[in-house]
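As structure tokens, the structure follows; a few thoughts come after it.
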Amino acid sequence: MSYKLLSEPIRKYIRSQGWEALRPIQAASISKILSTDHNYILASRTASGKTEAAFLPILSKTNFNEKGVQVLYISPLIALINDQVRRVEDLCKNLEIDVTKWHGEANRTLKKNLIKNPNGIVLITPESIEAMFVNAPYNITNLFGNLKFVIIDEIHSFLGVDRGLQLMSLLFRIQRKANKKFRIIGLSATIGDENYIHAKKLTGDVENTKVLLDRTKKPTIAKFKFYESESKELPLELLKDLYIETKENKALVFPNSRARTEEVAVKLHKISDRINGHKNYFSHHSSVDKEIRESVEFFAKNNQRDNFCISATSTLELGIDIGTVDKIIQIDSTYSVASLVQRIGRSGRKEGEKSVVCIYATEKWSLLQSLACWNLYKKDFLEPINTAIKPYDLLLHQLLSIVKQYSGIQTKDLIHELSENPVFEHISTEDIETLLHYSIEEDFLERIRTELILGLAGEKIVNSRDFYSVFSTDPDFKVIHSGRKVGQIPFSPQIQVNENLLLAAKIWKIKDIDHKAGIIEVIPAKDGKAPSFFGGTGGIHEEVRKEMLRILKSKDDYKELNQECKNILNELRFEFKNFDIRNFEADRPLITKEHQIILYTFSGTKINRSVSFLLAVSGYDVILNDNNSSIEIRTDSFAKAISDIKKNYEALDSHLEEKLIENDTLLSFSKWGIYLPMNYKIEIVKERYFDFKTAIAFINNMKIIKY
DNA sequence: GACCTGCTGCGGGCTG
């Protein structure tokens, strides 16, 4: 049915592919996109043909003889653009439609050609759009003035994060400059029912955006194993078992950190060498050189026969095409259910195959958390997304970007443009004016009669290469072996001459460190320990913690657990046996010792963080262990501690101000927040780093259970 | 107890 709606060249393409039938999401999107004017969110699992579901009807409907770029495809990753460009070119092969990559590593001559003759399809990143607004705003109208469709790939990766707000703002600004509406199609595999509203908001037109959903799920087989880890390194018994699990498979291993990713790749390779197994052990994460990573992806995608094992961080979580994988290994719990979904989705991609996952735990609480994530996975739970309501940091960033775009703008026009932008719909005009005045005081902006231009301090910020993105990264040291780059790592005190490090699945000895140039020279070595990398703070959602408590207090038996796991779970259950917990929302165990109490909150990271902060500013010695969600407080009276928390919550803003004056660590989540006036700094820290409202509600609602 | 993401314009030197 849908097939008949397509234009003849597209039908010809479909026939030439030898497809038996259109996939459900494709059939649905073809008829809807062709017969309505709505925006759509296409949600269906990995490898279900979403790219074609978007492009087939769009190519069929669009007249590419018109001047200007007709279709803009936006991706969160360069690697994904490089993957998708081949598929899109293949689709366009007989249609005489130009396809152009536009990102920081794309060919400049081809970009120039596009500017001379704007047409066809462009694949781009949000940062490249930002850069175009700042450096060549005339190209926005020149290229995108006649745009018909925007496709946003992996749209879930933009939801609830600053980068998504930036993209939302940029889409509005293109729309405004083009003075013409284009349709938006978002693609995603992992998006919960509660979260569609956030995807709709991103389009700027909630009313007019519909969701097309294919809920079909692959059956998943899971098994759990337990090997207690006594040091930082993985137990040998675990590695031996892991070797047996993976040796005759195409396997992906997710060990959660870059250091462990290297440890797994090197040690499995060693075991395999000893008994003449295959040699295809790789590591894949942000510190491994890009070319090496690409060759690993190429190997996985293009070899049918050989088995392999790639040890990876979340770099292999998104849609980069690595072909079919038989088995997923997760070492210790993922930090979210969403992440578990993405990882499991990478196995059994062929029709009719099952997904297979093997989860190892090295610590009892990690086992409990893994099991909680798995239970929630089976229930189709995904963490709800929080979109910032008042993103003052992005407001400042976009304010500077817009002033540069117009190279001088009337104050009232600037206020108008900002207050019309749906990203800032909850920020008042008074707030925008306050920020404008502050920006003039700080010399970010300069007033010339009624017009605003960039001030000296503003020029310095906007004219930096670092301006285009809303996230920050640490400077890296290049790791070089005889002139060839192996990767790049953040500097840490353990990095010393003659020390060893693991990188790109190989062991290296450090021969020389050039601190000024940021270069580490290495030679191959026989033995070594993993480099340690620095990291920030993450967050576990309260639903995962509640599920952990529920498992702990239930008598449920899980067939996915091996005997060792069952024993460990029983040990944990025994520890909490005497706490009479009936209401999983409110009842929380409390252990009282001499001058010290331990509260198990079984709540989310942000709530734990907020409670601990209020205790600390009340003068208590507090240790937050977010690993088992416990808060240790030095005190004899918990009741007194609770009343102090409530008392100090009333003076929260001044406590936060005090900490923010000390240093900016509380603000490290926001790249542009450091330039804000104090009251807005406090606002964004309260909204995004903590969650005091929920924390206080939690405290008020909590019923302490002792034994 | 983390992990990940992206990037201009200009000029100089080199290659074909």
Side-chain angles (χ1 to χ4, degrees), chain A residues 74-82 101-106 108 111-112 124-137 139 153-154 156-164 166-167 170 229 232 254-262 283-288 290 293 311-320 330-336 338-340 342-343 361-363 365-366 369-370 401 404 459 461-474 476 488-490 530 532-540 544 605 608-609 624-630 668-669 671:
Chain A
I74 301 173
S75 151
L77 301 177
I78 289 178
L80 199 56
I81 289 182
N82 295 344
K101 287 196 279 186
W102 190 295
H103 56 64
E105 293 167 16
R108 287 178 182 213
K111 289 191 205 171
K112 273 184 198 153
I124 201 165
T125 60
E127 287 73 17
S128 282
I129 301 176
E130 185 78 67
M132 199 182 285
F133 267 114
V134 168
N135 295 308
N139 277 337
D153 207 351
E154 306 273 5
H156 61 277
S157 74
F158 291 113
L159 304 182
V161 296
D162 297 352
R163 206 177 178 202
Q166 180 191 23
L167 176 57
L170 293 170
S229 171
K232 268 194 158 179
F254 290 104
N256 285 355
S257 76
R258 285 177 276 176
R260 276 208 164 160
T261 296
E262 291 296 345
S283 76
H284 193 287
H285 54 81
S286 69
S287 286
V288 175
K290 207 161 192 163
R293 273 157 74 177
S311 178
T313 60
S314 52
T315 48
L316 283 186
E317 226 175 75
L318 283 184
I320 301 167
Q330 176 64 43
I331 301 181
D332 284 327
S333 182
T334 53
Y335 297 101
S336 67
S339 178
L340 186 64
Q342 291 275 115
R343 291 174 182 189
T362 65
E363 196 270 329
W365 286 94
S366 167
Q369 191 179 318
S370 299
S401 175
K404 176 76 198 278
E459 289 269 3
I461 295 170
V462 178
N463 291 337
S464 145
R465 189 168 174 265
D466 210 30
F467 181 72
Y468 315 113
S469 70
V470 292
F471 52 86
S472 41
T473 38
D474 296 328
D476 280 326
Q488 58 286 319
I489 61 175
S532 77
F533 301 101
F534 297 119
T537 43
I540 307 295
V544 175
T605 303
N608 290 343
R609 193 184 276 157
L624 165 61
N625 183 354
D626 203 47
N627 165 36
N628 60 13
S629 193
S630 70
S668 53
F669 67 90
K671 182 167 167 185

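Letters A, B, ... mirror the listed sequences (proteins, then strands); counts begin at 1.
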Does the [X] side chain pair with the main chain of [Y], one donor and one acceptor, at a distance under 3.5 Å?
{"X": "T261(A)", "Y": "S283(A)", "answer": "no"}
{"X": "D332(A)", "Y": "T362(A)", "answer": "yes"}
{"X": "S370(A)", "Y": "S366(A)", "answer": "yes"}

Send over the distance from [X] [atom1] to [N] [atom2], rounded to a whole Å.
{"X": "L318(A)", "N": "dC4(B)", "atom1": "CG", "atom2": "P", "value": "12 Å"}
{"X": "F669(A)", "N": "dA2(B)", "atom1": "CZ", "atom2": "C1'", "value": "18 Å"}
{"X": "K232(A)", "N": "dG1(B)", "atom1": "NZ", "atom2": "P", "value": "7 Å"}

S339(A): partners by side chain to side chain contact (heavy atoms under 4.5 Å, CB included), with sequence neighbours left out: E317(A), T334(A), S336(A), R343(A)

Heavy-atom protein contacts under 4.0 Å, nucleotides 5-14 of chain B, coded B base, S sugar-phosphate only, - none: BBBBBB----

Sugar-phosphate, base or nothing in reach of Q369(A), heavy atoms under 4.0 Å: base

Side chain to side chain contact (heavy atoms under 4.5 Å, CB included) partner of I74(A), the single match among I129(A), I81(A), T125(A): I129(A)

Contacts of type side chain to side chain donor-acceptor pair (under 3.5 Å), residue K111(A), not counting sequence neighbours: none

